[in-house]
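First up is the structure itself, then whatever we jot down about it.
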There are 2 protein chains.
Amino acid sequence: MKTKITLKELAKLLNVSVSTVSKALNDSPEISPKTVERVKELAALHKYRPNPVAVNLKNSKSGTIGVVIPNISNNFFAQVLSGIEAKAQKEGLQVITYISNESLEREKQIVDMLTSGFVDGVLIAISEATHRARNYDHIFSILEYEIPVVLYDRTNFDIPVDKIGIDDEKSFEEATQLLISKGVKKIGLASGIHHLGVGKLRIKGYEKALLEGMERFVAASSRHQVLVDGIKDLLVNKKVEAMLCTDFGSAMLVYRMAYEFNIKIPQDLKMIGFLNKDVAQYLTPSISFIEQFPEELGKQAMEMLIKRMKGQLIPEKNSHKIINTELVHLESTGF
Amino acid sequence: MKTKITLKELAKLLNVSVSTVSKALNDSPEISPKTVERVKELAALHKYRPNPVAVNLKNSKSGTIGVVIPNISNNFFAQVLSGIEAKAQKEGLQVITYISNESLEREKQIVDMLTSGFVDGVLIAISEATHRARNYDHIFSILEYEIPVVLYDRTNFDIPVDKIGIDDEKSFEEATQLLISKGVKKIGLASGIHHLGVGKLRIKGYEKALLEGMERFVAASSRHQVLVDGIKDLLVNKKVEAMLCTDFGSAMLVYRMAYEFNIKIPQDLKMIGFLNKDVAQYLTPSISFIEQFPEELGKQAMEMLIKRMKGQLIPEKNSHKIINTELVHLESTGF
DNA sequence: CTGAAAGCGCTTACAG
DNA sequence: CTGAAAGCGCTTACAG
């Protein structure tokens with residue numbers, strides 16, 4: 001019904017040239033006010049809107065940015081996307097979403113698309129598999145194509161690009177220090193992601209905060225049963241008084257085993273985890289968590305990318321930004 | 001560095017015309033095998049890839065589809081997106097993501113973008129605000145522009161388009177029937193989304209399944225404290241033996257209050273909820289939940305849209321598909 | 001088998 | 001003030 005009208009058709013209806021219509025619509029001072037009015041009136045009547053594909057071709061850009069997400073089921077990334085999308089909308093940019101599912105293979109395919117001219121810029125969090133394989137060639141290829149790119153969240157590897165993330169190490173260092181300051185002596189840590197960059201950093205922060213003479217109690221494995229046994233050992237045999245959990249899975253395991261062995265949270269065991277707010281606060285008892293402000297991270301990543309695309313950042317110098325985390329106290333750290 | 005090479009440049013390097021290069025690259029039978037080889041070799045050397053924006057302009061399409069998501073923090077929608085994206089990738093389509101945040105205003109803006117020619121098709125789940133305001137004009141406008149569109153998940157309103165969703169009513173009807181078959185007499189329901197389409201349907205299913213003489217125990221409110229009081233009444237005063245929860249929030253409240261009033265799950269109280277798998281199975285005790293297969297829903301929505309875009313569906317007839325849900329038994333329904 | 005021309009829908013320097 | 005022409009990067013019917 002309302003099949004899209006083009007400049008050419010408007011021009012014919014108005015008995016003027018296409019150029020005149022285009023200029024009138026773009027408020028060019030070259031065109032007489034009277035003509036501008038006529039043109040705009042008819043354009044409004046027909047609800048004319050320029051074909052974005054044509055405009056983009058003309059401008060040699062695509063008007064879109066590509067966002068690569070390792071795992072959209074992880075609420076953290078979903079929220080990051082939300083922040084990105086909100087900012088993009090304001091800037092009139094379209095967000096093309098690619099989900100790598102933590103796969104190197106998939107990530108390579110995605111990068112292939114990204115470098116083919118579909119997008120004007122890229123926001124990417126590197127997949128787990130890529131980190132494990134230490135195969136970053138495809139990431140470098142984005143740079144070779146001179147496509148502006150910002151790495152978000154998973155930033156701990158050496159590549160000369162703009163980055164934005166949180167300080168994983170510091171967050172757990174501070175959490176550990178807080179427990180120590182409250183007089184907790186035996187602090188344990190559980191992790192199902194110790195092999196990943198973020199996992200390593202969180203564990204490092206914990207270890208850094210431990211005082212001389214304090215024992216290190218770590219249960220870490222990506223294999224379920226090994227992790228279960230490790231946690232059980234810490235809770236039952238080592239009788240730790242607090243547990244830090246680097247990820248959702250390990251937090252839920254600690255939670256569950258505390259229940260099974262009748263260890264009361266927070267009376268017998270304090271807990272702090274990297275969980276998303278929604279889950280953390282709704283649990284019974286609620287679990288104190290590290291707030292990472294993912295939407296803010298997404299927003300700022302987008303801002304950084306926009307600046308880079310507009311050439312507002314110094315070419316040879318890369319930005320590196322840190323979003324501060326915040327320890328939110330809920331029931332599991334009641335003292 | 002690796003600045004993109006164009007057909008024109010390839011042509012110049014090869015001393016042939018642009019048309020010849022284009023045809024050779026597209027394996028046109030018009031071109032001699034020798035030329036094809038020469039062209040392809042040089043193209044490969046320079047890693048030539050056609051500018052997608054130009055190709056799209058030529059083909060009068062955009063190569064993208066728009067996906068409108070009401071709330072990406074809801075894991076259900078995140079998973080739907082995952083299914084959509086996977087399928088789109090296979091079809092060589094780009095997914096532009098728009099997040100309405102359950103806002104009518106935002107949804108209108110988004111639809112405005114969608115009808116301006118950015119996308120070849122649309123997948124949309126209508127926002128809560130839109131449903132409340134019963135203001136569907138903008139949705140109809142997508143139809144006026146003759147853009148293929150598939151409604152997913154929130155499909156219970158009258159509009160002549162393709163739809164795909166789950167049978168909310170049936171899912172809770174069956175869940176209720178199951179409890180009845182196990183001899184549970186006093187079955188309660190908690191809802192924080194009774195005012196929404198899906199909430200209404202779930203409640204309706206519950207009511208439909210109740211046998212003659214069975215009392216209806218419903219605690220429903222979008223106001224936190226009212227809902228808390230309602231649930232408390234059901235658990236403590238009415239002493240229901242089971243609770244159905246239409247949403248994550250109400251499930252967590254029931255969970256919490258059972259804990260506070262020392263009501264044991266599943267011994268004293270059975271529970272079934274609309275939760276996502278991840279949370280449901282990790283809770284202690286784990287909560288039996290209705291599996292909605294969101295990725296499958298996303299995938300099939302995309303398939304339906306592709307068929308519509310390709311004209312493989314009958315123009316005057318709309319598809320309406322239902323994804324079957326499945327009650328997954330975990331600890332909270334242990335009998 | 002190859003190439004010139006037209007065209008997708010727009011914008012913009014240039015003539016008049 | 002208006003319009004013809006060139007061009008963004010491609011494809012394809014048409015001539016040769």
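In the text below, chain A, chain B and the rest are named by the order of the sequence lines, each starting its count at 1. The basis for the numbers below is simple: all heavy atoms, side chains too, and nothing from hydrogens, waters or symmetry mates.
- Across all non-hydrogen atoms, the minimal contact from L7(A) to S22(A) is CD1-CB, 3.8 Å.
- Residues from residues 49-59 of chain B lying near DNA chain C, meaning a heavy-atom separation below 4.0 Å, are L57(B), K58(B) in numerical order.
- Looking at residues 32-44 of chain A, you'll see S32(A), P33(A), T35(A) sit with a heavy atom under 4.0 Å from some atom of DNA chain D.
- Of the residues in residues 11-22 of chain A, V16(A), S17(A), S19(A), T20(A) come within less than 4.0 Å of DNA chain D through at least one heavy atom, sorted by number.
- To the nearest whole angstrom, the two P atoms, one in dC1(C) and one in dC10(D), are 25 Å apart.
- Qualifying salt bridge (Lys or Arg N to Asp or Glu O under 4.0 Å) partners for E295(B), counting only residues two or more places apart in sequence or in other chains: none.
- Shown here are the salt bridge (Lys or Arg N to Asp or Glu O under 4.0 Å) partners of K23(A), two or more places apart in sequence or in another chain: E30(A).
- Put simply, the side chain of L151(A) reaches to within 4.5 Å of the side chain of I124(A), judged on heavy atoms.
- With sequence neighbours left out, the side-chain hydrogen bond (donor to acceptor under 3.5 Å, both in side chains) criterion links Q300(A) to E296(A), K321(A).
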Exercise. Does the pair E9(B) and K4(B) meet the rule for a salt bridge (Lys or Arg N to Asp or Glu O under 4.0 Å), with working shown?
Worked result: CA-CA 10 Å; E9(B) 290 160 338; K4(B) 293 203 53 120; over 6 Å; no
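- Applying the salt bridge (Lys or Arg N to Asp or Glu O under 4.0 Å) criterion to K310(B), with sequence neighbours excluded, gives E91(B).
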May I have the list of side-chain donor-acceptor pairs in residues 313-320 of chain A shorter than 3.5 Å, sequence neighbours left out?
| from | atom 1 | to | atom 2 | distance (Å) |
| --- | --- | --- | --- | --- |
| N318(A) | ND2 | P160(A) | O | 3.3 |

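- In this structure, K61(B) does not pair ionically with D120(B), as no charged nitrogen and carboxylate oxygen lie closer than 4.0 Å.
- Applying the salt bridge (Lys or Arg N to Asp or Glu O under 4.0 Å) rule to D27(B) yields the partners K40(B); only residues at least two apart in sequence or on another chain are considered.
- With sequence neighbours excluded, the residues forming a ring pair (Phe, Tyr, Trp, His ring centres under 6.0 Å) with F157(A) are H131(A), Y136(A), listed by chain and number.
- Distance check: D153(B) CG to I126(B) CD1 gives 10.5 Å after rounding to the nearest 0.5 Å.
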For this session: Decide yes or no on salt bridge (Lys or Arg N to Asp or Glu O under 4.0 Å) for E107(A) and R154(A), but give the supporting numbers first.
Result: CA-CA 14 Å; E107(A) 194 174 272; R154(A) 299 175 179 179; over 6 Å; no
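- Nucleotides of DNA chain C that come within less than 4.0 Å of any heavy atom of chain B span, from the 5' end to the 3' end, dC1(C) to dG9(C).
- Paired regions of DNA chain D, where each region holds three or more successive Watson-Crick or G-U pairs whose two hydrogen-bonding distances fall under 3.5 Å, are C:1-3 with D:14-16, C:5-12 with D:5-12, C:14-16 with D:1-3.
- Rounded to a whole angstrom, the distance from the P atom of dG9(C) to that of dT2(D) is 25 Å.
- Side-chain atoms of E85(B) and T97(A) include no donor-acceptor pair closer than 3.5 Å.
- Side-chain N/O atoms of S127(A) and T130(A) include a donor and acceptor closer than 3.5 Å.
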